[in-house]
Amino acid sequence: MYPGFIEKANEDENERAQKSFEWANAVEEIHYKMYQEMLKQIKAKQTPKDEPYYVCPVCGNTVAGNAPDICPICGTPGSKFKKIE
Ligand SMILES: [Zn+2]
């Protein structure tokens with residue numbers, strides 16, 4: 001669904017829209033991987049790690065453990081990330 005939107009945004013030369021679709025796409029992949037990792041732990045009857053999550057206020061990137069220095073997707077400083085416990 002997203003790649004089609006990215007192409008359309010390219011055609012319109014609308015860089016801002018293109019960027020936010022790219023971010024949404026990248027973040028969705030990250031969320032999917034996290035979800036898969038959690039499922040694996042549940043299936044293996046492991047207790048999921050008790051660690052905080054940090055969410056980028058701009059693009060929604062989610063990181064477990066510690067906030068990065070800088071968001072790898074949109075470049076927002078890690079100090080702006082929201083901590084979720
Ligand atoms: Zn970000």
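Each ligand, and each atom within it, is numbered from 1 in the order the structure gives. Below, all heavy atoms of this structure are taken into account, side chains as well, without hydrogens, waters or symmetry copies.
- Shown here are the protein N/O/S atoms lying under 2.8 Å from the Zn ion (ligand 1), water excluded: Cys56 SG, Cys59 SG, Cys71 SG, Cys74 SG.
- Between Ile73 and Ile30, the closest side-chain pair of non-hydrogen atoms falls below 4.5 Å.
- If you chain together ILVMFWY residues whose side-chain heavy atoms come under 4.5 Å of each other, Val63 ends up grouped with Tyr54, Phe81.
- Among residues two or more places apart in sequence or in another chain, the salt bridge (Lys or Arg N to Asp or Glu O under 4.0 Å) test is passed with Lys40 by Glu37.
- Residues passing the side-chain contact (heavy atoms from CB on, under 4.5 Å) test with Met38, sequence neighbours excluded: Tyr53.
- Side chains of Val55 and Ile84 form a contact here, defined as non-hydrogen atoms less than 4.5 Å apart.
- Judged purely by atom type and a 3.5 angstrom limit, Ser20 has no side-chain atom pairing as donor or acceptor with the backbone of Gln18.
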